[in-house]
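When reading the values below, keep in mind they use all heavy atoms of this one structure, side chains included, and skip hydrogens, waters and symmetry mates. In each ligand, atom 1 is the first atom listed, and ligand 1 is the first ligand listed. Here the structure is a predicted model, which is why all the values come from computation and not from measurement.
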Amino acid sequence: MTANTNDTKASSAKPSITESQAWQQLQAHFQQVQSLHMRDLFAADPQRFERFHVSLGDILLDYSKNRMTDETHRLLLELAQQAGVEAWRDKMFSGDHVNLTEDRAVMHVALRNRSETVMRVDGIDVMPQVRRVLQKMRSFSDAVRSGEFRGYNGERIKSIINIGIGGSDLGPLVVCESMKPYAQRGLNAHFVSNADATHLLETLKNVEPESTLFVISSKSFTTQETMLNAESAKAWFLSLVGNEKAIAKHFVSVTNNTEAAEEFGIAADNIYEIWDWVGGRYSLWSAIGLPIALYLGMDHFEELLEGAHVMDQHFKTAPLAENMPVIMALLGIWYNNFFDAQSHAVMPYSQYLRRLPAYLQQLDMESNGKTIDRDGERVDYLTGPIIWGEPGTNGQHAFFQLLHQGTKPVPADFLVPCISQNPMGNHHRVLVANCFAQTRALMHGKTTGEALEQLREAGLADDEINDLFAHKVFDGNKPSNTILFEKLTPKTLGSILALYEHKVFVQGIIWNINSFDQMGVEYGKELAGDIQGELSHRDQTECYDSSTNALINHRKDIYFRHYERRDYDKK
Ligand code: F6P
């Protein structure tokens with residue numbers, strides 16, 4: 001272990017956060033405020049929005065529709081202070097090994113550092129290497145987009161297929177999907193991640209090998225799904241092109257394992273480097289963003305970095321009370337740990353952001369889905385929530401019923417642009433109105449009096465009203481944040497993604513967990529390897545529990561019978 005790591009570890013050995021004064025005070029405070037209704041808080045204080053919102057550039061975070069008072073706000077900020085959020089944030093920005101279990105720095109902020117500031121990892125300024133790779137990405141993406149770089153037979157590249165999974169898929173995917181208006185005509189970006197061959201095969205149906213560029217994205221270059229898809233893509237390509245040399249014009253890779261990529265057959269020049277201080281789910285800012293640069297152009301990729309950098313500077317320098325990621329993190333903790341909210345919903349009122357919930361699922365749940373704290377102890381409080389969501393207005397016609405009248409508390413984020421990328425008739429006004437209407441309805445609810453009045457106005461008879469009115473009452477008091485921004489540009493998107501990254505970081509610090517490893521993913525992978533072996537032979541499997549054995553044996557029966565019959569029929 002380096003001196004860096006030892007320092008970090010020593011300073012983290014502290015009593016549980018639940019024993020801190022701020023936590024205890026929050027617990028007592030919760031008893032006093034849990035029965036308060038936001039409707040009354042708004043009525044009593046016309047300045048509530050003024051006091052509970054914060055802006056950064058074109059992004060406005062309205063957090064006034066939360067079950068909080070000034071005292072809640074104060075105590076939550078104290079919690080952040082007592083948990084050492086500022087000190088840990090500074091450690092991350094200084095390149096300390098805040099990823100304790102893997103003994104690594106966590107420096108994705110260096111990837112989007114647009115200033116001249118030196119950023120060191122283990123004593124070395126990483127900025128020259130970051131800039132070198134960005135330059136290489138620029139040269140290549142410019143060449144592909146201008147047609148200077150062409151396929152083996154001189155065809156222009158029309159399709160980019162990213163093969164990767166997890167952070168090597170979701171980050172570039174959410175950006176490419178969200179930024180479609182900035183894409184170059186005639187260039188398509190596809191993302192293949194699933195081990196199910198359907199994903200690859202259905203994608204290949206839409207492309208021609210001569211005009212396709214595969215980007216094999218894998219930090220480790222060992223991830224099973226990615227390797228499977230990469231090998232199958234190569235086999236598909238060679239079966240149609242029949243020329244090994246053509247691979248150099250159609251396969252590039254982004255990886256930390258250049259040796260394995262070269263062994264796969266990727267030319268050294270076609271390998272884009274990432275570093276061990278870039279975590280998978282924080283990697284879209286690195287060369288893992290190559291599909292973004294290819295699809296949107298390097299200028300737009302750099303605008304995305306700029307937006308993230310603006311959020312980084314805000315996170316680093318704004319006082320906690322005005323710090324957007326800190327505020328969102330603290331409100332999340334308030335609901336997670338004091339209201340026992342099990343999940344957190346994300347509702348983008350933007351079709352372009354439809355994959356944001358999936359991206360945030362990995363970011364948040366892989367980072368903070370932990371039970372063991374930084375000191376190796378089992379936590380006795382809830383950590384990361386279940387993240388889920390769908391774009392509005394679709395969600396309104398699916399699961400919003402539960403948000404309004406269900407029995408489970410679900411705090412939610414609503415994201416909405418003021419200006420549409422696709423102005424058409426009344427669409428955007430309807431979309432925005434629905435977003436604002438939902439947060440208002442969730443907060444305000446509908447009282448018995450209001451429900452009765454509405455039913456009377458509708459002309460219902462008294463007995464009908466009696467039967468119905470209870471179903472028409474909405475408790476309200478359901479919390480939400482609204483993130484309102486001017487337009488979904490690369491810069492704004494960069495800021496929003498970085499906002500969530502830092503939110504997750506702050507929560508991890510307060511819960512005293514390491515947000516930067518993902519050991520839970522490993523166990524399933526190990527077992528899958530063993531079971532794969534079992535599935536390859538006909539003998540009965542008996543080494544697992546009765547359920548797993550039965551499932552394996554059932555599949556073997558059906559599978560082998562299916563193929564035997566097919567072979568028999570062929571004869
Ligand atoms: O799901 C586990 C994980 O390690 C993620 O953290 C990572 O983003 C993904 O697999 C892909 O890893 P790699 O880029 O090494 O293929």
Side-chain angles (χ1 to χ4, degrees), residues 98-108 111 133 137 161-176 191-196 199-200 214-234 251-264 266 270-292 355-370 383-384 386-387 497 500-501 504-505 508 513-529:
V98 296
N99 178 351
L100 296 172
T101 50
E102 295 176 328
D103 192 12
R104 280 180 192 161
V106 172
M107 267 304 239
H108 46 277
L111 301 167
V133 174
M137 287 167 71
I161 302 186
N162 187 78
I163 296 186
I165 198 163
S168 300
D169 168 65
L170 288 164
L173 182 146
V174 76
V175 175
C176 289
F191 290 83
V192 172
S193 51
N194 202 333
D196 186 343
H199 203 176
L200 178 64
F214 291 95
V215 181
I216 315 297
S217 274
S218 176
K219 181 178 165 188
S220 59
F221 218 86
T222 57
T223 304
Q224 192 184 31
E225 295 89 333
T226 303
M227 294 304 105
L228 257 178
N229 280 320
E231 288 293 352
S232 300
K234 187 167 84 172
F251 283 78
V252 301
S253 176
V254 184
T255 188
N256 185 228
N257 187 354
T258 44
E259 220 173 67
E262 283 186 50
E263 211 165 287
F264 173 87
I266 309 238
N270 286 350
I271 297 175
Y272 293 77
E273 192 186 350
I274 57 167
W275 306 278
D276 70 352
W277 43 266
V278 182
R281 53 195 172 274
Y282 300 87
S283 65
L284 75 92
W285 322 100
S286 71
I288 293 287
L290 184 61
I292 305 173
R355 298 294 285 159
L356 183 69
Y359 164 81
L360 292 178
Q361 278 174 337
Q362 188 201 11
L363 174 65
D364 203 319
M365 294 165 80
E366 200 167 77
S367 296
N368 286 343
K370 312 278 164 71
T383 58
I386 298 157
I387 303 291
L497 299 180
Y500 278 99
E501 284 181 351
V504 166
F505 172 82
I513 51 180
N514 178 12
S515 302
F516 299 105
D517 62 11
Q518 56 283 324
M519 311 234 175
V521 185
E522 300 305 320
Y523 183 44
K525 285 190 199 168
E526 283 166 30
L527 261 184

Taking atom types as modelled, is there a side-chain donor on S220 or N257 under 3.5 Å from an acceptor on the other? no
What protein heavy atom is closest to [atom], reported as residue, atom name and distance in Å?
atom: atom 9 (C) of ligand 1; answer: I165 O, 3.6 Å
atom: atom 8 (O) of ligand 1; answer: G167 N, 2.7 Å
atom: atom 15 (O) of ligand 1; answer: S220 OG, 2.6 Å
atom: atom 10 (O) of ligand 1; answer: K525 NZ, 4.5 Å
atom: atom 1 (O) of ligand 1; answer: E366 OE2, 3.1 Å
atom: atom 13 (P) of ligand 1; answer: T223 OG1, 3.3 Å

So, 4.0 Å and heavy atoms of Q362: is ligand 1 close enough to count as a contact? yes
Please list, in number order, the atoms of ligand 1 under 4.0 Å from a heavy atom of Q518. 6 (O)
Within 6.0 angstrom of E522 CD, more than 12 heavy atoms from elsewhere: yes
K234 to F251, cation-pi by 6.0 Å centre distance and 45° axis angle: no
Geometric class of the F516/F505 ring pair [parallel <30°, tilted 30-60°, perpendicular >60°]: tilted
